[in-house]
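Report on the following structure.
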There are 2 protein chains.
Amino acid sequence: MRAKHGLGQPWWHGKFRGCGYRITLGREVILDILAKADTHLSAEDIYIKAHAQYPNIGLTTIYRTLDILANLGLIYKFDFGDGRARYELTKGPKGTHHHHLICTGCNRVIDYTDFIDEEVELLRQTEKGLAKKYNFKIINHLIQFYGLCNKCSVKR
Amino acid sequence: MRAKHGLGQPWWHGKFRGCGYRITLGREVILDILAKADTHLSAEDIYIKAHAQYPNIGLTTIYRTLDILANLGLIYKFDFGDGRARYELTKGPKGTHHHHLICTGCNRVIDYTDFIDEEVELLRQTEKGLAKKYNFKIINHLIQFYGLCNKCSVKR
DNA sequence: CTCCTTATTGAAAATGATTTTCATTACCAT
DNA sequence: ATGGTAATGAAAATCATTTTCAATAAGGAG
Ligand SMILES: [Mn+2]
Ligand SMILES: [Mn+2]
Ligand SMILES: [Zn+2]
Ligand SMILES: [Zn+2]
């Protein structure tokens with residue numbers, strides 16, 4: 001059940017090598033952690049996990065690798081307002097693009113992928129309209145809903 | 001043509017006092033700057049402008065005031081990825097809620113309010129669906145499209 | 001497999017935005 | 001006008017992220 005492509009090469013090796021980057025132990029560890037994660041990890045979260053498997057890795061390498069991954073479009077970098085960036089594999093285990101519900105009470109973040117059918121279509125149309133009107137080439141979008149989760153809305 | 005409410009009181013004095021906050025010269029200056037701004041200002045941008053009218057004001061006061069304003073919902077705080085927070089009056093001169101087009105090439109941010117008719121309606125429906133499904137009380141949303149502006153897409 | 005070039009790395013120092021501390025000042029209800 | 005207390009500025013402290021630099025290790029060539 002290993003997620004490999006081709007001849008036992010992890011899926012990302014290709015894109016990585018193609019851009020002139022070397023495959024290193026540290027980078028493998030980091031991508032492994034991201035692939036297994038089911039939450040939005042911060043650089044330090046990743047550092048702590050990585051350090052367990054590979055005690056020599058430095059936090060600097062985490063930052064540098066995350067930067068490359070974000071530029072390659074393999075991960076998303078988010079700001080949920082808690083003062084540190086959080087990262088998530090573009091195509092996670094769930095594999096699908098998703099949006100976020102963010103609780104301003106407890107900072108919980110809920111992923112949601114169950115878009116209404118029309119939502120996807122409308123997004124396409126909106127992007128098309130904006131692209132033409134502003135002569136802007138849309139590559140990606142960020143959609144987040146802020147509010148109170150079930151627990152937090154009770155407290156108030 | 002002054003934007004006043006009641007007996008010559010700026011519109012925000014009410015809400016401000018109602019929450020136990022005092023009206024100070026520094027705060028007036030800051031809100032004035034935000035009200036006149038047609039771009040997304042950083043704390044330091046505001047500090048520089050404020051300093052011109054009120055040389056004694058400290059950067060600390062800017063941060064503290066912005067924090068209050070954001071909590072009161074009078075301003076939005078954004079992260080456009082350039083390492084500093086940027087702020088915008090919730091109800092600007094334009095008065096309307098808007099979304100952003102962000103150029104990843106030059107960091108230009110375009111406001112857009114010209115929603116497709118269906119966009120507003122769909123957003124309402126989506127929010128309703130999410131609210132029920134996740135038992136989440138939606139208060140606000142953030143929608144940003146990333147891509148390349150006309151100038152930057154030519155260069156590539 | 002060995003060598004060599006060069007990307008990568010870790011540690012430590014630097015940076016830079018935002019916060020905290022604390023003594024002083026100034027709102028504003030009475 | 002006065003007093004209680006929120007607000008303020010300067011300086012120091014935080015803290016996530018970046019930079020520096022000498023040491024190390026991918027990985028292509030031979
Ligand atoms: Mn997510
Ligand atoms: Mn805007
Ligand atoms: Zn919550
Ligand atoms: Zn641009």
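Nothing here was measured: the structure is a model prediction, and the numbers come from that model.
Using a 4.0 Å cut-off, no side-chain N or O of A:Arg22 falls inside it from OP1 or OP2 of D:dG28. For the pair B:Tyr63 and C:dT19, the criterion of a side-chain N or O lying under 4.0 Å from OP1 or OP2 is not met. One finds a side-chain N or O of A:Thr24 lying less than 4.0 angstrom from the OP1 or OP2 phosphate oxygen of C:dT9.
The side chain of A:Arg27 lies closest to C:dT8 when the candidates are C:dA11, C:dT8, D:dG27. Distances were taken from every side-chain heavy atom of A:Arg17 (C-beta onward) to each of D:dG27, C:dC28, D:dT17; the shortest belongs to D:dG27. Nearest to the side chain of B:Ala43, among C:dA17, C:dT18, D:dA11, sits C:dT18. Counting only heavy atoms from C-beta on, B:Leu59 has its side chain closest to C:dT18 among D:dA10, D:dC21, C:dT18.
When heavy atoms are screened at a 4.0 angstrom cut-off, B:Arg64 is found touching base atoms of the nucleic acid. Heavy atoms of A:Leu25 sit nowhere under 4.0 angstrom from any nucleic acid atom. At a threshold of 4.0 angstrom between heavy atoms, the contacts of B:Gly83 are confined to the sugar-phosphate backbone, with no base atom among them.
Here the P atom of nucleotide C:dT9 and the CD atom of A:Glu28 are 11 Å apart, to the nearest Å. Rounded to whole Å, atom P of D:dA7 lies 15 Å from atom CD1 of B:Ile62. Distance CD1 (A:Ile48) to P (D:dA16): 11 Å, rounded to an integer number of Å. The CG atom of B:Asp67 sits 11 Å away from the P atom of C:dT18 (whole-angstrom rounding). One can place CD1 of A:Ile23 at 6 Å from P of D:dG27, the figure rounded to the nearest angstrom. Computed from coordinates, the B:Asp82 CG to C:dT15 P distance equals 20 Å when rounded to whole Å. Remark: C1' of D:dC15 and CZ of A:Arg84 are 9 Å apart, rounded to the nearest angstrom. Look at OH on B:Tyr21: it is 18 Å from P on D:dT5, rounded to the nearest Å.
In this pair, B:Phe78 and B:Phe80 present their aromatic rings parallel. The plane angle is below 30°, not in the 30 to 60° band.
Comment: A:Arg86 does not engage A:Asp79 in a salt bridge, judged by the lack of any side-chain N to carboxylate O separation of less than 4.0 angstrom. Ion pairing between a basic and an acidic side chain is recognised when a charged N comes within 4.0 Å of a carboxylate O; B:Arg124 and B:Glu121 show such pairing. In summary, A:Lys36 and A:Asp32 engage in a salt bridge, as defined by a charged side-chain N under 4.0 Å from a carboxylate O.
DNA chain C is contacted by both A:Gly20 and B:Ala85; A:Gly20 maps to the nucleotide lying nearer its 5′ end (nearest heavy atom per residue).
One N or O on the side chain of A:Thr90 and one on the backbone of A:Gly73 form a donor-acceptor pair closer than 3.5 Å.
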